[in-house]
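First the structure, in the form of structure tokens, and then the observations on it.
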Amino acid sequence: MSRNAPQFVTRSVLPEVIDGVNIGLKQLCTMRIPETLIAASDVYTVFNHARPLGISPGYDKTGRLIAISVSDGDNCRIIEFAQPPGAGRQGHRANPKASPPPPKSIVDGRKKLQDQILCRIMGGIYAFDMGPLAMSLHVDLNLRISNAVDIQSSFSAHDRSPLSSVEACVGKEPDPIHKIKIKANKLDKLFLQPIYDPEADPNSLLDLAERAWLSQFLPSYAETAFDHAKRINTEMMESSYLSSISKISNDSVKLDQKKPTQMTHKFSQSIDPSTNQVRLISSEYGSRIRGDKNIKMTVTGPNGEFRTKGTVAGSSGRSSTVNTDRQLTSKAILTVTSVGRDDKTSAEAQRDATILRFLQGTEKTSDNPWYQNIWSPVNADGLLVWPKEWSQKPSQPPRISKKPAEARLNGSQQTAVNCMLSEVDDHRIVLVQGPPGTGKTSVIASFVDFSVNAFGRTGIWLVAQSNVAVKNIAEKLISSSFLSWKLLVSKDFHFEWHEHLYAKVLTQNVIRSEAFRFVSPKDLKDTNVILCTISMLSNAQIKKFTRSIPVRTLVVDEASQIEVGNYISIFSQFQSTLRKACFIGDDKQLPPFGQEEIQDLQSIFEVAHLNKHVRFLDTQYRMPPQIGDIISQEVYDGKLKSNPQHPITSETTACYFIDVPGKEKPLESGSFVNELEAFAALTLATKLQEQGKNYRVITPYDGQRNYIESQMQDAQLDWGDKCFNVDSFQGNEDDYIIVSVVRSHKLGFLNNLRRTNVMLTRCKKGMFIISSIKFLTTIGSESLVGKLYKEMSPPVILSKAEVDEGRF
């Protein structure tokens, strides 16, 4: 970002986010100051006063801080920082030991910026999401900040959204003195795109300036609202303390940058002619139309196509109502695109709030044993240290209500359950690695059964990343005849979308989120176990349940898919009661979201000093051994055994290859389609359905999944709950699996061993792999699919005639 001279952008209007402001800004002037010129700039003399300063961060696409905007209401300066050599293009921070130090002029300039602006004695510095900003200043620029106020923490908004904080400060209605009115739509746009790239998007410069202006306006307008705000002072904090916190915070920022800023929806429509209110019915859960969104629509009518805008007034289940100024009666809506990144989830907001408390000093990491043992171990060898009072034995022996159900566990499963049941300090954190088909849910069910029925323990919370995984655990508990539990699920996921998934779950055991406020202790009287997603633990009404069933033992399924920073608010919120945490997963299957691009993201399984606490489930019961043994050698270093009593023996072919010399086609969405492979998958699906066999189709790409599903619909096959992308099918299985590889010229998805491992390990009886044999024996030979083909003795290739006639 080096420039020869500062550049000016002048805007002779009041900020559009607020109407009727009669104080503060008369002209918004932004001076863009390259870091090489910061020492000679006027930034220090302009802000040499005691009035509040507002600052806002500008990030690049990887989540690295590359600019800050500073405003006092009358002036604004934007300081653009040079990117250091070796900064990763994939979003992770460059190794400071590997990068040369910045030139002395930049070091001096940053020192001056820190001393005279970021750590100035007069006034205060205000920002939205000050915690992440303070951590980005530390990690990316080696800068400290003091006397800094997080705007959202001065108000009680649970969601920490900027709009909620602004409304709490100035109100929704015009102020009788200043006649201030919030423009909510503009505020949404103002925080829509924190990526700072003025060359590609000039609006990003003005947005950055206006965010800084708004940050100083609020304390100027309502100074008393910030009187008791806790200040952040990283200037006085030790680097080692900041480093552990900043890792969690900056991973959060980088993941936030990956959220799309707009989404195109599949839908059907209806329009009320009397009110002109549009009703849209979403077709897909993943791209459903959410409430409080601005949308753009392409509409066609008698006079041709036109574009219009609208606002989603509300959503329930699949239905959303849209308000628009245009008359749409007798017109057809062709496209709908929602604009704006999704707001932080409650879990994301709680994580940010926890980090903020650490920085404000209202909560100390040194007082939290879970934080110390996971993120900041006392011992270099990773020895876990726990409070002595946690090890005190109860004065009364545990109550035994009834004998535990008969459990059929192999040796490795029994070892895992024993460690999960143990109350000694060495087993307060337990990690169980379960490769595909090794009975992870059986281990969880057995642990619950023994905990409750043999030892009379309560306060067990079973959580997972996805609602489907939680539902799977519930079904396993039912099959084990254990019913003393409740499953918490959000209405957004359940109502009109996934009720069918809960057909095997007892209705009285399920509590949907809109009913939380009606739950009483009496309703939970005989409940020992709660099931929910990890995000649900951050629900504003979760205390309704934790008062009756304290979180004493936390069991996390799918833990290898959860970024370790997501636990920080849980360990903070429940540290007074939580005494044991068990993590179930497999770091050879799906990683945490974003790890491919942000390579230093970690799950709990990748925290080095916790490796010795891993228990490995060593026998798989799902795949036919002829497939399982190859997966064991190629993925699990030969440690994974296959069930010797598996009904599919080596005498039966369990893996077929269908040679399709097609070529993948890229889509605008970035996905791929291979039409010839889709046709072969359709033919196989038709034959399997005719033969009455249970099967699923999985493929790496959403484009191919959508294409195959539409072909199945056209062919009038059973298409619901039949076709999946790989990520959505982890943890699932079926008798027969049809795999459409899609790729035939480049590896693409097949470069990812973990995802390919998931793709090839879902079948119980047989698998059909559709791909180009030439591809599998050349470019794709070193992929897991290619190795599977090579290791089959010999591989069985079905001809077109055999597929057409169903001879397999």
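Starting from 1, each residue takes its place in the sequence as its number.
Between E664 and R743 a salt bridge is recorded (basic side-chain N to carboxylate O distance below 4.0 Å). The pair R696-D721 meets the salt-bridge criterion, with a side-chain N (NZ, NE, NH1 or NH2) lying under 4.0 Å from an Asp/Glu carboxylate O. A salt bridge does not link E733 to R762: none of the charged nitrogens lies less than 4.0 Å from a carboxylate oxygen. With respect to E496 and R318, no salt bridge is recorded, no charged nitrogen being found less than 4.0 Å from a carboxylate O. Classification of K491 and E514 as a salt-bridged pair fails, no side-chain N sitting under 4.0 Å from a carboxylate O. Between R754 and D587, none of the side-chain N atoms (NZ, or NE/NH1/NH2) sits under 4.0 Å from a carboxylate O, so this pair counts as no salt bridge.
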**Study point:** Working for side-chain contact (heavy atoms from CB on, under 4.5 Å), residues L682 and I708
**Key:** CA-CA 7 Å; L682 180 67; I708 293 173; 5.9 Å; no
Practice item. Decide salt bridge (charged side-chain N to carboxylate O under 4.0 Å, His left out) for K254 and D600; before the verdict, give the C-alpha distance in whole Å, the side-chain angles of both, and the deciding distance to 0.1 Å. Key: CA-CA 11 Å; K254 290 181 284 187; D600 57 358; 3.3 Å; yes
Review point. Between E475 and K471, is a salt bridge (charged side-chain N to carboxylate O under 4.0 Å, His left out) present by the stated rule, with each step listed?
Key: CA-CA 6 Å; E475 291 180 354; K471 182 269 302 182; 3.6 Å; yes
Practice item. Let me see the working for V470 and V463 under side-chain contact (heavy atoms from CB on, under 4.5 Å), right down to the final yes or no. Key: CA-CA 7 Å; V470 173; V463 304; 5.9 Å; no
Exercise for review: Show your working on side-chain contact (heavy atoms from CB on, under 4.5 Å) between V739 and V741 and close with a plain yes or no.
Suggested key: CA-CA 6 Å; V739 175; V741 174; 4.2 Å; yes
Check your understanding: For F447 and T553, what are the C-alpha separation, side-chain angles and deciding distance, and is it a side-chain contact (heavy atoms from CB on, under 4.5 Å)?
Key -> CA-CA 11 Å; F447 161 73; T553 299; 3.8 Å; yes
Exercise for review: Quick one: do K259 and E348 satisfy salt bridge (charged side-chain N to carboxylate O under 4.0 Å, His left out)? Show the steps, please.
Suggested key: CA-CA 13 Å; K259 291 182 178 179; E348 292 168 340; 2.9 Å; yes
Exercise for review: Step by step, work out the salt bridge (charged side-chain N to carboxylate O under 4.0 Å, His left out) result for E709 and K722.
Suggested key: CA-CA 8 Å; E709 188 174 88; K722 280 294 185 184; over 6 Å; no
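Nearest heavy atoms, Q626 versus T649: NE2-O, 3.2 Å. Summarising the geometry of S346 relative to S535, their closest heavy-atom pair is OG-O, 3.9 Å, with the distance given to 0.1 Å. Counting all heavy atoms, side chain and backbone alike, N643 lies closest to P625 at O-CG, 3.9 Å. Smallest separation of non-hydrogen atoms from N472 and G731: ND2-O, 3.9 Å. In plain terms, the two heavy atoms of L788 and C655 that are nearest each other are CD2-SG, 4.2 Å.
Applying the 6.0 Å contact sphere to CD of E805 captures more than 12 heavy atoms from other residues, nucleotides or ligands. The 12-atom threshold is exceeded at OH of Y502, counting heavy atoms of other residues, nucleotides or ligands nearer than 6.0 Å. The environment of NZ in K765 is sparse: at most 12 heavy-atom neighbours from other residues, nucleotides or ligands sit within 6.0 Å. The number of heavy-atom neighbours closer than 6.0 Å to NZ of K746, taken from other residues, nucleotides and ligands shown, is 12 or below.
Of the possible polar contacts, none joining the T527 side chain to the V529 backbone as a donor-acceptor pair under 3.5 Å is found. For the pair W497 (side chain) and G317 (backbone), a donor-acceptor distance under 3.5 Å is present. No side-chain donor-acceptor contact under 3.5 Å links D618 to the backbone of L640. With hydrogens and angles ignored, the 3.5 Å screen pairs a side-chain donor or acceptor of S744 with a backbone N or O of G662. Within the 3.5 Å criterion, the main-chain N or O of D702 finds a donor-acceptor partner in the side chain of N706. One N or O on the side chain of N725 and one on the backbone of S728 form a donor-acceptor pair closer than 3.5 Å. Without hydrogens or angle criteria, E558 side chain to S466 main chain gives a donor-acceptor distance under 3.5 Å. Of the possible donor and acceptor atoms, none in the side chain of Q589 sits under 3.5 Å from a partner among the backbone N and O of N757.
With ring centers used as reference points, H646 lies 6.0 Å or more from Y621. Taking the six-membered ring for Trp and the full ring otherwise, the centers of Y695 and Y736 sit at least 6.0 Å from each other. Two rings, from F545 and F516, have their centers less than 6.0 Å apart. For Y707 and F679, the ring centers are positioned 6.0 Å apart or more. Under the 6.0 Å cut-off for aromatic ring centres, Y789 and F657 qualify, their centroids lying closer than that. Taking the six-membered ring where the residue is Trp, the centroids of F672 and F749 are separated by 6.0 Å or more. Here the two rings, on F768 and F808, have centers that are under 6.0 Å apart.
Taking the ring centre of F616 as origin, the terminal cationic atom of K639 falls inside the region bounded by 6.0 Å and 45° from the ring axis.
Side-chain atoms of S484 and N528 form a donor-acceptor pair, as typed in the model, at a separation below 3.5 Å. No donor-acceptor contact under 3.5 angstrom links the side chains of S490 and D492, judged on distance only. Side-chain contact of E606 with S603: a donor-acceptor pair under 3.5 Å is present, judged by distance alone.
Residues satisfying the ring-ring contact (aromatic ring centres under 6.0 Å, His included) test with F775, not counting sequence neighbours, are none.
Between the OG1 atom of T761 and the NZ atom of K588 there is a distance of 13.5 Å, given to the nearest 0.5 Å.
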